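Following: one structure in structure tokens, then a few remarks.
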Amino acid sequence: DYDWRMSNAISRRALLAGASLLTGCAGPGGPKFRGWAAPSDALTYATAKILLRNQPLAREFGKSAITARFPVLGTKNPKDANYQKLLAGNFSEWSLPIRGLVNQPGELPLAFLKNLPSRTHITQQSCEEGWSAIAEWTGAPLSRVLQEVGILPEARYVVFFAVDGWWESLDLHDALHPQTMLAYGMNGGALPVAHGAPIRLRVETQLGYKSVKYVNRIQVTDRIDNIRDGTGSGSHKDGFAWYAGI
């Protein structure tokens, strides 16, 4: 069985590997920018990585700025039978598998994630549809979760799969950003089902579609051009770019 004690810290080599992805094609094994907007997408990605290399924080707000009714998009309650069984048990038996280029692959129980050092911040989500809303999110920083499993030096991307079939990926630069988290709380309470319970990804430096709801599996890898359609994102079929920086 996996021993969920502190594992080795993320290596400097692994950190530098993620932060150094500054080329337009995201390097060998990176996402395939396709279609008429491909050159623009690649340039946006490359430019953003240079400008954001010091990982500035997204703006944070006070509680008075929280939006009264945060919009719900996409799936509101997955019909998946196993998900419904876990929901009926208040997710007490839920766990998150993390596989791939990690020292200690395994499954992290929800209770374990909640016992990790947490982060809470109030941020604005900008939606690709043109609206924005502000909410308070609480969760485990993704960097801390990856530290637990010990990502290997050759790792460059983190891929997130969801119960409803959605998927997204981040390079290590964005995965290790201090505001990127696996959120289990919203506005002072538990994360609602409609917003992705029990765990959702929060990527505060990118548009809302990158913040995957209902995360149920994570894969750490050195390339994403060989996963599904090679675009690194379930949003590509809807016309959205892999990189959604704002």
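What you see is a predicted model, and the numbers here were worked out from it, not measured in a lab. For reference, positions follow the sequence shown, starting with 1.
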- Task: Answer yes or no: is there an ion pair linking Glu168 with Lys213, defined by an N-O contact shorter than 4.0 Å?
- Result: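 Lys213 and Glu168: not salt-bridged.
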- Item | Note: Arg119-Glu204 ion pair, threshold 4.0 Å (strictly below) | no
Given the rule that I, L, V, M, F, W and Y join up when any side-chain heavy atoms are under 4.5 Å apart, are [X] and [Y] in one cluster?
X      : Y      : value
Leu201 : Ile151 : yes
Leu207 : Ile134 : no
Val159 : Met181 : no
Leu108 : Leu176 : yes

Rounded distance [0.5 Å steps], [atom1] in [X] versus [atom2] in [Y]:
X      : Y      : atom1 : atom2 : value
Tyr157 : Asp225 : OH    : CG    : 8.0 Å
Ile227 : Gln219 : CD1   : CD    : 4.5 Å
Asn226 : Asp229 : CG    : CG    : 11.5 Å

Neighbour count above 12 (heavy atom, 6.0 Å) for [X] [atom1]:
X      : atom1 : result
Arg228 : CZ    : yes
Lys79  : NZ    : no
Glu93  : CD    : no

- Donor-acceptor under 3.5 Å (Thr180 side chain, Leu142 main chain): no
- Message: Suppose we call two aromatic rings close when their centres sit under 6.0 Å apart. Are Tyr83 and Phe91 close by that rule?
- Response: yes
If we only count heavy atoms from C-beta on, is the [X] to [Y] side-chain gap below 4.5 Å?
X      : Y      : answer
Arg202 : Gln125 : yes
Val220 : Leu152 : no
Phe160 : Val203 : no

Tell me which donor-acceptor pairs under 3.5 Å the side chains of residues 182-193 have, and how far apart each pair is, sequence neighbours excluded?
| residue | atom | partner | partner atom | Å |
| --- | --- | --- | --- | --- |
| Asn187 | OD1 | Glu136 | N | 2.9 |

- Query: With under 30° as parallel and over 60° as perpendicular, where do the rings of Trp137 and Phe70 fit, or are they tilted in between?
  - Reply: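 Judged by the thresholds at 30° and 60°, the geometry between Trp137 and Phe70 is perpendicular.
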